[in-house]
Amino acid sequence: MDCWSPSLNVDLEFAKLVNRMHPPRVTVDNITDRNATLIKVDSANKRGSLLEVVQVLTDLNILIKRAYISSDGQWFMDVFHVTDQYGNKLSEDNVADRIQQSLGPRGCSFRSLRGSVGFQSAIEHTTIELTGRDRPGLLSEVFAVLSDLKCNVVAAEIWTHNSRMASIVYITDEESGSPIEDADQLAKIKQLLLFILKGDRDRRGAQTAVSVGSTHTQRRLHQLMYADRDYDTELTEEYARSESSRGVKRLVTVENCSEKEYTVVNLRCPDRPKLLFDTVCTLTDMQYVVFHATIIVEGSEASQEFYIRHTDGCPISSEAERQRVIDCLEAAIKRRTSEGLRLELCGEDRTGLLSDVTRIFRENGLSVTRAEVTTRGSKVVNTFYVMDSSGDQVKSETIEAIRTAMGESKLKVTEDDTVKLKPKPKPNSQQTGRFSLSHLFRSRSEKFLYNLGLISSCSEVA
C-alpha cells in the first residue's frame, strides 16, 4: 500500500467545506436498548471526528457502555450505548442539540463546559502550565509561590504518573480579580515556578508556560504528559521495578492485520469514567487515525479494539513503534487512575487557601497524587488524592490532625478498608510541632524571595 499525505491546507479547506454542506446529524434513541440510551452520530469524515464526539460525551458526564465506530471512507458513523453517571438512561431532552451544536461548523467541544474545571476562558483567567519531576511537597511550594506573588488560584488540575507531574493552573490578580497581563509580572511568575520545579534531581528538565488561549484542561494534560515522556519507564528504573514486583500485566496488545493493512490495538483493563477519552486522546496525539473500533464494558471490565493507521496511511512498521504505542496507551490509562485516599474540601474561598491546605498536607507527611480545584462563586470545592510520603498507609491520626488544622473548612474523607477514623481528638501539645514546621517553611520562602530581590525585607511576606 502506498503511503501518502495530501496537502494540509487543501485538506483543511476541503474538510471545512464538507462540514458546512453536511453538518453532523445526532439522534438519541431511548427505546431500542432497555438499559442504555443510544446516541448515533453521522457526519462527513474528518481527522479528529472521533475525539470530538467522545470529548463532548465525556464533558457531559455521560458514561459510554458500548460503542461501534466506523470512519473508513468519506463518512463517519458512530453508535454509542450510554448512561448518566448513575447508570440510568439519559433524561435530558436537549442532549442531541447540545452534542450537535458542539460538533457543528462553529462548534467547539468544550463549549458546554462553563463552570467546570475542564474549561477555562482566557478572557477571565491567566493559564499556567507546569511539568516536571514529582516529589513530596512540590504542590505546596508551587501554591506558596503563587500566594506570595499575589496570585489567586481560580481553578487547577494536577496529574502525576511515573514520577512526573503535569498541572494546569488558572490564576487572577489578587487585588483586581482580572487576568494577569503584565509582561514583567508573568516573567517573574514563570521564573520562580521554574526554579521550584527544577529542584536538584530533574534529569529531563522542568517546563513552565503561560498561555492566553482557551483550553480543554484534561485534553491539554494528556498532551503535556506525553510531551514529557511519562510513558518512558526506562528513564525511571524504580517505577519499572515496582510494576514488575507487583506482577502487573500488560493492558495493551498491538499487532498488524496484513489482510486489511491496519494495525489492531486491543486494550483490556478495569473500567472507569473517561477511559475511552483518554485512549483516543493518546492515539490522536501520536498521529494515528481510528478507522474502526468496538468498545464493550461488561461489569467492571472494559475492552477496546481499534483498527488504526498512521496519518500517512501506513500501519505500524517496526517493533520499536509497536512498543511505543503500548507504553503510551498504558500510561494514558494509569494517569487518571486515582491512587491514595480521597479528601474533599468544601468551604469559603479566600486568598492563600490552597497554599495553606497543601502546606498542612506537607507538614503531616502526605503527598498529593492528583488534584482538582474549582471555584463556584465564593465557594471552593477541592478534591485531593493523597498518600503517605513514605509509601505507607495514611494513618487515621494524620487525617484527624489535618481535620483539626483546617479550621472552618469542611473535610470529607472517602475511606477504604485500611483507614478507620477515630473520634476527633482534643487539641494537644503536638500542634506546636506542626506550627514550627510551618514557620520554618515560611522563613525559607521569605529568604528565597529576598535573595531574588522580589521583596525588600522578610517581613513583607508575613
Side-chain angles (χ1 to χ4, degrees), residues 1 3-6 8 11-12 15 18-19 24 26 39-59 62 64-82 99 102-103 109 216 218-219 222-223 226 231 251-269 271 274-297 302-317 321-333 335-336:
M1 176 176 141
C3 299
W4 61 279
S5 177
L8 182 60
D11 188 51
L12 288 176
V18 172
N19 201 32
V26 181
I39 295 180
K40 302 177 183 179
V41 181
D42 298 334
S43 70
N45 190 22
K46 70 179 191 303
R47 184 181 171 189
S49 294
L50 176 60
L51 178 56
E52 288 185 2
V53 174
V54 173
Q55 184 170 301
V56 170
L57 296 178
T58 300
D59 293 340
I62 293 174
I64 300 171
K65 298 301 182 181
R66 287 176 180 262
Y68 304 96
I69 295 154
S70 178
S71 60
D72 200 348
Q74 298 302 314
W75 204 252
F76 174 80
M77 301 178 65
D78 287 355
V79 178
F80 298 92
H81 296 240
V82 304
I99 297 174
S102 296
L103 297 176
S109 55
H216 185 281
Q218 295 169 5
R219 175 82 181 93
H222 274 299
Q223 293 173 333
Y226 174 70
Y231 58 85
L251 305 175
V252 182
T253 60
V254 177
E255 58 186 14
N256 280 337
C257 178
S258 56
E259 295 180 359
K260 300 294 185 180
E261 297 180 319
Y262 292 116
T263 294
V264 184
V265 177
N266 278 285
L267 181 153
R268 192 171 184 85
C269 67
D271 185 39
K274 304 183 181 181
L275 178 62
L276 182 59
F277 172 76
D278 295 340
T279 54
V280 173
C281 269
T282 299
L283 290 172
T284 302
D285 290 340
M286 297 184 72
Q287 306 299 308
Y288 290 105
V289 179
V290 176
F291 289 87
H292 303 280
T294 301
I295 313 301
I296 298 175
V297 176
S303 174
Q304 300 180 4
E305 182 178 63
F306 302 98
Y307 287 77
I308 67 171
R309 294 180 188 140
H310 199 269
T311 52
D312 62 7
C314 295
I316 291 176
S317 57
E321 184 181 5
R322 187 188 75 87
Q323 188 60 51
R324 183 164 166 266
V325 170
I326 292 175
D327 291 340
C328 288
L329 285 173
E330 291 189 347
I333 295 170
R335 284 170 194 155
R336 205 194 291 267

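Listed by chain and number, the residues in a ring pair (Phe, Tyr, Trp, His ring centres under 6.0 Å) with Phe277 are His216 (sequence neighbours excluded). For Asp278, the salt bridge (charged side-chain N to carboxylate O under 4.0 Å, His left out) partners are Arg272, Arg336, not counting sequence neighbours.
Note: Ser303 OG to Asn266 CG = 6.5 Å, rounded to the nearest 0.5 Å. Expressed to the nearest 0.5 Å, how far CD of Glu255 lies from OG1 of Thr263 amounts to 9.5 Å. To the nearest 0.5 Å, atom CD of residue Gln223 and atom OG1 of residue Thr284 are 9.5 Å apart. Expressed to the nearest 0.5 Å, how far CD1 of Ile39 lies from CD1 of Ile62 amounts to 4.5 Å. Here the CD atom belonging to Gln304 is positioned 9.0 Å from the CG atom belonging to Leu283, to the nearest 0.5 angstrom. To the nearest 0.5 Å, atom CZ of residue Arg335 and atom OH of residue Tyr231 are 9.5 Å apart.
Aromatic ring pairs are classed by plane angle as parallel below 30°, tilted from 30° to 60° and perpendicular above 60°; the pair His310 and Tyr288 is perpendicular.
Dense packing is recorded around CE of Met286, with more than 12 heavy atoms of other residues, nucleotides or ligands lying under 6.0 Å away. Crowding of Tyr307 atom OH: a count of heavy atoms from other residues, nucleotides or ligands under 6.0 Å not exceeding 12.
Taking 4.5 Å as the limit, some side-chain heavy atom of Leu50 sits within range of a side-chain heavy atom of Phe76. Side chains of Val289 and Arg309 form no contact here, defined as non-hydrogen atoms less than 4.5 Å apart. Proximity of Arg219 to Asp285: side-chain heavy atoms (C-beta onward) are separated by under 4.5 Å at one or more points.
Here the closest heavy-atom approach between residue Arg322 and residue Ile316 is recorded as N-CG2, 3.7 Å. The shortest heavy-atom contact between Leu329 and Thr279 is CD2-O, 3.8 Å. Here the shortest heavy-atom pairing between Glu330 and Val252 reads OE2-N, 3.6 Å. Shown here for Ser71 and Val290, the closest heavy-atom pair between the two residues is OG-O, 2.9 Å. What you find for Ser43 and Trp75 is that their closest heavy atoms are O-CD2, 3.3 Å. Closest non-hydrogen pair, Asp312 versus Cys314, comes out as OD1-N, 2.9 Å.
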- Message: Pair Phe306, Ile295 - check side-chain contact (heavy atoms from CB on, under 4.5 Å), show working.
- Response: CA-CA 9 Å; Phe306 302 98; Ile295 313 301; 4.1 Å; yes
- For the pair Phe291 and Lys260, evaluate side-chain contact (heavy atoms from CB on, under 4.5 Å) and give the outcome as yes or no after the intermediate values. CA-CA 11 Å; Phe291 289 87; Lys260 300 294 185 180; over 6 Å; no
- Step by step, would you call Val53 with Phe80 a side-chain contact (heavy atoms from CB on, under 4.5 Å)? CA-CA 10 Å; Val53 174; Phe80 298 92; 3.5 Å; yes
- Item | Audit row: Tyr68, Met77, side-chain contact (heavy atoms from CB on, under 4.5 Å) steps and yes/no | CA-CA 8 Å; Tyr68 304 96; Met77 301 178 65; over 6 Å; no
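Within the 3.5 Å criterion, the main-chain N or O of Ser317 finds no donor-acceptor partner in the side chain of Asn256.
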